[in-house]
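Written below as structure tokens is the structure these notes are about.
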Protein chains: 2
Amino acid sequence: MSETRWLTACEQEVWRAFITAADGLTDQLARQLQRDSGMPYTYYEILVALSEAPERTLRMSELAGARGSSRSRLSHAVARLEEVGWVRRRTCPTDKRGSFAVLTDKGYSALEAAAPGHVTEVREKLFDVLTPQQVEQLGEISRAILRGLGAPTPHCPVE
Amino acid sequence: MSETRWLTACEQEVWRAFITAADGLTDQLARQLQRDSGMPYTYYEILVALSEAPERTLRMSELAGARGSSRSRLSHAVARLEEVGWVRRRTCPTDKRGSFAVLTDKGYSALEAAAPGHVTEVREKLFDVLTPQQVEQLGEISRAILRGLGAPTPHCPVE
DNA sequence: CGGGCATGGTTGAGAGTTCAACCAGTACAC
DNA sequence: GTGTACTGGTTGAACTCTCAACCATGCCCG
């Protein structure tokens with residue numbers, strides 16, 4: 001156990017700015033979604049993941065792994081989403097332990113309704129305040145952090 | 001109501017990388033704190049804020065405002081911190097509505113015990129994976145975001 | 001085949017956050 | 001002073017998340 005490598009004054013300043021900004025930003029986005037569309041941010045992410053999947057269907061575990069969500073959290077969340085009719089569960093025929101989550105039409109509509117407001121918020125609060133160069137830098141920095149977290153995905157699900 | 005300005009593929013990639021990284025990082029930090037020190041991240045922040053205040057004392061509202069916490073949240077949190085003996089409430093003599101939160105010695109010790117592990121995590125997961133130049137860039141970017149959020153504080157509480 | 005063991009997913013309790021409603025206590029005007 | 005509005009803070013219910021315990025099914029080896 002070696003000595004603690006404390007932060008320099010400069011580092012501390014950057015750290016606080018970063019954590020405050022990141023936190024404030026996600027908070028703002030979550031609040032906007034909840035207010036305008038009545039869904040928490042994590043649920044929005046689930047709907048997005050499903051909407052991009054073939055057949056709008058994913059295994060529970062894939063859905064959980066897609067973003068760092070625990071199985072438990074996902075299970076609760078999907079239960080809730082099923083209640084409001086945005087998602088349906090379907091058991092896997094080949095492996096009777098498994099479950100699929102399927103995005104319903106109603107869920108797709110809800111997502112379509114929520115997306116513009118969300119995207120607008122992201123644009124205004126993030127991209128509009130950064131220069132193109134900074135956007136690029138932020139991409140690099142984010143990927144570096146992800147590597148450091150052992151996140152195996154500098155994924156580019158966009159094409 | 002104008003049309004939605006959607007994200008380009010490139011922006012979308014940056015956005016996902018950023019949100020995943022920021023989220024993963026805070027998640028990791030919160031987890032480390034909870035595991036090693038038995039306190040949620042927000043409570044840690046409260047203790048830090050109090051420890052830096054004169055007399056280790058702050059008005060509830062100042063404490064809430066210091067980071068973007070709601071009055072309600074803070075009230076619940078301080079109630080919990082009082083239970084474990086890390087903070088004490090004291091009523092304000094000049095304004096009988098007001099309350100002070102005071103960090104106890106026990107609370108200060110808990111903070112001292114928690115800090116090294118937390119700082120180590122921040123260093124390893126953030127500063128160790130970035131170049132000095134990237135750290136500087138991240139500072140700029142964070143401040144830009146904060147300005148965009150209307151956060152009045154590009155504050156430098158370090159000195 | 002039968003006994004471990006890993007895997008996919010669910011469940012329930014406990015904890016933190018949010019939202020709206022709610023007290024005081026203060027300030028300000030009439 | 002009394003009425004009104006505002007401010008500082010608390011409370012309770014609803015909701016999400018976490019953690020650990022738990023089924024059920026699949027897998028593999030003797």
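Any value given below was found using the heavy atoms of this structure, including those in side chains, with hydrogens, waters and symmetry copies removed.
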| Charged tip of B:R89 within 45° of B:F100 ring normal and under 6.0 Å | no

| Ring-face cation contact, A:Y108 with A:R56, 6.0 Å cut, 45° max | yes

Of the nucleotides [options], which one has an atom closest to the side chain of [X]?
X	options	value
B:D95	C:dT10, D:dG9, C:dG25	C:dG25
A:M60	C:dG9, D:dG9, D:dC17	C:dG9
B:R71	C:dA15, D:dT18, D:dG9	D:dG9

Return no unless some side-chain N or O of [X] is found under 4.0 Å from OP1 or OP2 of [N].
X	N	result
A:R59	C:dG9	yes
B:R31	D:dC19	yes
B:R97	C:dC23	no
A:Y43	D:dT16	yes
A:S61	C:dT7	no

| Do other residues, nucleotides or ligands put more than 12 heavy atoms under 6.0 Å from the CD atom of B:E136? | no

| field | Ion pair check, B:R16 and B:E11, cut-off under 4.0 Å | value | no

| request: Determine the contact category for A:S99: base if any of its heavy atoms lies under 4.0 Å from a base atom, sugar-phosphate if only primed atoms, P, OP1 or OP2 are that close, otherwise nothing. | output: sugar-phosphate

| request: Give one of base, sugar-phosphate or nothing for A:R35, where a contact means two heavy atoms less than 4.0 Å apart. | output: nothing

If I take atom [atom1] in residue [X] and atom [atom2] in nucleotide [N], what distance separates them, rounded to the nearest angstrom?
X	N	atom1	atom2	result
A:L33	D:dT16	CG	P	13 Å
B:D27	D:dT16	CG	P	18 Å
A:E62	C:dG8	CD	C1'	12 Å
B:L74	C:dG16	CG	P	13 Å
A:I46	D:dT16	CD1	C1'	11 Å
B:R80	D:dT10	CZ	P	16 Å
B:R73	D:dG12	CZ	C1'	18 Å

| query | Taking the nucleotide of DNA chain C with the closest heavy atom to each, which residue, B:H76 or A:G98, is nearer the 5' end? | reply | A:G98

